[in-house]
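Because only heavy atoms are used, hydrogens play no part in the values below, and waters and symmetry mates are left out as well, while side chains stay in.
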Amino acid sequence: MTVKWIVTDMDGTLLNERDRITEDTREYLIACQEKGIRLVLASGRSYVRLMPYARELRMEEFGGLLIEINGLAVSYLGTGRRTVFSQLEPEDVTRLSSFLKEQDTEIEGYEDDSLYYWIPKWQRPFKEAERRKRGYPEGHPLVADAWKWITSDDFSHNYPHLIEISSLEELPGRLNKMNCADTEERIEEIFKRLKERFSERYEIVRTCPRQIEIAPRGITKGRTLRRLMEEAGIDRDEVLVFGDGENDVDMFRQVTYSIAMGNGADYVKRHALEVTDSNSREGLVKALRKYRVL
């Protein structure tokens, strides 16, 4: 096996529970790039939130790639080139936000550097209690992250603009994607309703047990990865793909060597060639060593 590309999801995969790349993982991935292996970060995040990690990994120096916003855009590091394939149009934003408000769930709308969020009344006490428990100041944003009622400090620092809205009319006309966040039990029901209503119009995936992401139809990490592989003449046997969420499964389908994280959902693990350790136990670098990439 000759590995030419390493493709990795971010949250729950490359990043540990503190939203960090461990020193061991960072050094190993830099050594891989020095050997000539191309690194690709594939995430629901936009380049604004990916670039700090890309710089940490010296990806600009080695010509790495960013698959952004679940495949909606690609950044070619080192050249400054960025391609955006699609966005949610005004009628999509209106249609989806109205439906999600009926579900009484948190609604999040994403631009490259801005996140707009609407919070239902019933969630606010839980969010405020968690903010106090974590010792965050009164003004700390109440927007949810993938795992908790409110986001961490790192998340708010990576988005320059976090904007709480009181009315859906305050959402921008065009968005990269929309999310909703809730309890695990409620998110399961909301997911079913979204799929029943909109599966022909949008890409709808559960990125973790408490969050759903909605993107334009035809936009997935996997399809964009395939496009990049064809563009570069890379064979499916020359790529290692790592992920933990449902939005990573389509990437698994594009390659021979797909590796699910130990912390991933059972659905994700069933679609992977094998399963490594969790993101909190450096599962990614353990798998790279097992495959003797270096």
Side-chain angles (χ1 to χ4, degrees), residues 9-23 25-26 41 43-56 68-70 97 100-101 103-168 170-172 175-187 190 206-214 244-245 247 261 263 278-282:
D9 170 55
M10 296 295 290
D11 298 278
T13 302
L14 176 63
L15 304 179
N16 64 15
E17 70 280 5
R18 298 182 59 202
D19 217 27
R20 299 280 195 272
I21 303 171
T22 67
E23 185 62 22
T25 300
R26 187 186 74 85
L41 304 185
S43 174
R45 304 178 182 217
S46 74
Y47 74 93
V48 175
R49 295 194 65 215
L50 288 173
M51 281 309 300
Y53 300 105
R55 294 189 182 104
E56 187 178 347
E68 308 172 38
I69 319 163
N70 292 326
S97 61
L100 292 174
K101 186 176 181 181
Q103 312 310 308
D104 209 24
T105 187
E106 179 173 342
I107 302 169
E108 301 170 1
Y110 291 79
E111 295 180 315
D112 287 342
D113 62 355
S114 301
L115 191 166
Y116 297 78
Y117 62 102
W118 179 86
I119 301 171
K121 289 182 180 179
W122 73 268
Q123 285 190 9
R124 193 169 293 274
F126 295 97
K127 290 173 171 288
E128 291 175 345
E130 187 164 324
R131 183 166 62 183
R132 290 191 296 270
K133 180 180 179 180
R134 293 206 219 172
Y136 291 160
E138 190 69 21
H140 185 88
L142 293 176
V143 62
D145 69 11
W147 311 102
K148 301 181 178 65
W149 282 116
I150 63 171
T151 186
S152 65
D153 281 321
D154 293 316
F155 185 91
S156 58
H157 290 164
N158 282 330
Y159 268 108
H161 309 292
L162 291 175
I163 305 161
E164 182 175 359
I165 60 174
S166 57
S167 167
L168 299 183
E170 297 175 59
L171 285 169
L175 292 169
N176 292 332
K177 65 175 181 177
M178 295 186 71
N179 286 11
C180 65
D182 217 300
T183 65
E184 291 187 29
E185 295 75 21
R186 280 176 49 84
I187 216 71
I190 294 169
R206 291 165 294 187
T207 55
C208 72
R210 295 185 61 170
Q211 192 173 70
I212 298 168
E213 293 191 353
I214 309 165
D244 75 308
N247 58 341
M261 305 302 291
N263 50 284
S278 70
N279 66 317
S280 62
R281 294 170 55 86
E282 297 190 319

To the nearest 0.5 Å, what is the distance between OH on Tyr117 and CG on Leu162? 6.5 Å
Please report the interatomic distance OG1(Thr22) to CZ(Arg281), rounded to the nearest 0.5 Å. 13.0 Å
How would you list, by chain and number, every residue that makes a side-chain hydrogen bond (donor to acceptor under 3.5 Å, both in side chains) with Thr183, sequence neighbours excluded? none
Any non-hydrogen side-chain atom of Met10 less than 4.5 Å from a side-chain atom of Arg49? no
So CD1 of Ile107 and CD1 of Ile119: to nearest 0.5 Å the spacing works out to 11.0 Å
Stepwise side-chain contact (heavy atoms from CB on, under 4.5 Å) check, Leu15 with Ile21: CA-CA 5 Å; Leu15 304 179; Ile21 303 171; 3.6 Å; yes
Pair Arg124 + Glu164, salt bridge at N-O below 4.0 Å: yes
Kindly compute the distance separating SG (Cys208) from CD (Glu184), expressed to the nearest 0.5 Å. 8.0 Å
Determine whether His161 and Glu111 make a side-chain contact, defined as any pair of heavy atoms from C-beta on separated by less than 4.5 Å. no
Looking at residues at least two apart in the chain, or sitting in another chain, which of them share a side-chain hydrogen bond (donor to acceptor under 3.5 Å, both in side chains) with Asp11? Arg45
Return the CZ to CG distance between Arg18 and Asn279, rounded to the nearest 0.5 Å. 13.0 Å
Show your reasoning for whether side-chain contact (heavy atoms from CB on, under 4.5 Å) applies to Ile187 and Arg210. CA-CA 6 Å; Ile187 216 71; Arg210 295 185 61 170; 5.6 Å; no
Please confirm whether the backbone N or O of Glu68 pairs with a side-chain atom of Ser43, one donor and one acceptor, at under 3.5 Å? no
Would you call Trp122 and Asp104 a side-chain contact if the rule is heavy atoms closer than 4.5 Å? yes
Should Arg26 and Glu23 count as an ion pair when the cut-off is N to O under 4.0 Å? yes
Can you name the side-chain hydrogen bond (donor to acceptor under 3.5 Å, both in side chains) partners of Glu213, sequence neighbours left out? Asn70, Lys177
Is the shortest side-chain heavy-atom distance between Thr207 and Asn179 below 4.5 Å? no
Arg131 to Trp149 six-membered ring, cation-pi geometry met (6.0 Å, 45°): no
Kindly write out the residues that satisfy side chain to side chain contact (heavy atoms under 4.5 Å, CB included) with Ile165, not counting sequence neighbours, or none if the list is empty. Tyr116, Trp118, Ile163, Glu170, Leu171
Salt bridge (charged side-chain N to carboxylate O under 4.0 Å, His left out) involving Glu17 - partner list, sequence neighbours excluded: none
Taking CZ in Arg186 as the centre, count heavy atoms belonging to other residues, nucleotides or ligands within less than 6.0 Å. Is the count above 12? yes
Could you check whether any side-chain N or O of His140 sits under 3.5 Å from a backbone N or O of Thr151, counting only pairs where one atom can act as donor and the other as acceptor? yes
Minimum heavy-atom separation for Ala144 and Lys127, please, with both atom names. N-NZ, 3.4 Å
Could you tell me the separation between the OG atom of Ser280 and the CE atom of Met261, rounded to the nearest 0.5 Å? 8.5 Å
Are any non-hydrogen side-chain atoms of Leu142 and Glu130 less than 4.5 angstrom apart? no
With a 4.5 Å heavy-atom cut-off, do Asp19 and Tyr53 have their side chains touching? yes
Which heavy atom in Ser46 sits nearest to a heavy atom in Ile69, and how many Å separate them? CA-CG1, 3.8 Å
Side-chain touch Ile190/Asp182, heavy atoms, less than 4.5 angstrom: yes
Please name all residues satisfying side-chain hydrogen bond (donor to acceptor under 3.5 Å, both in side chains) with Asp9, sequence neighbours left out, ordered by chain then number. Thr13, Lys221
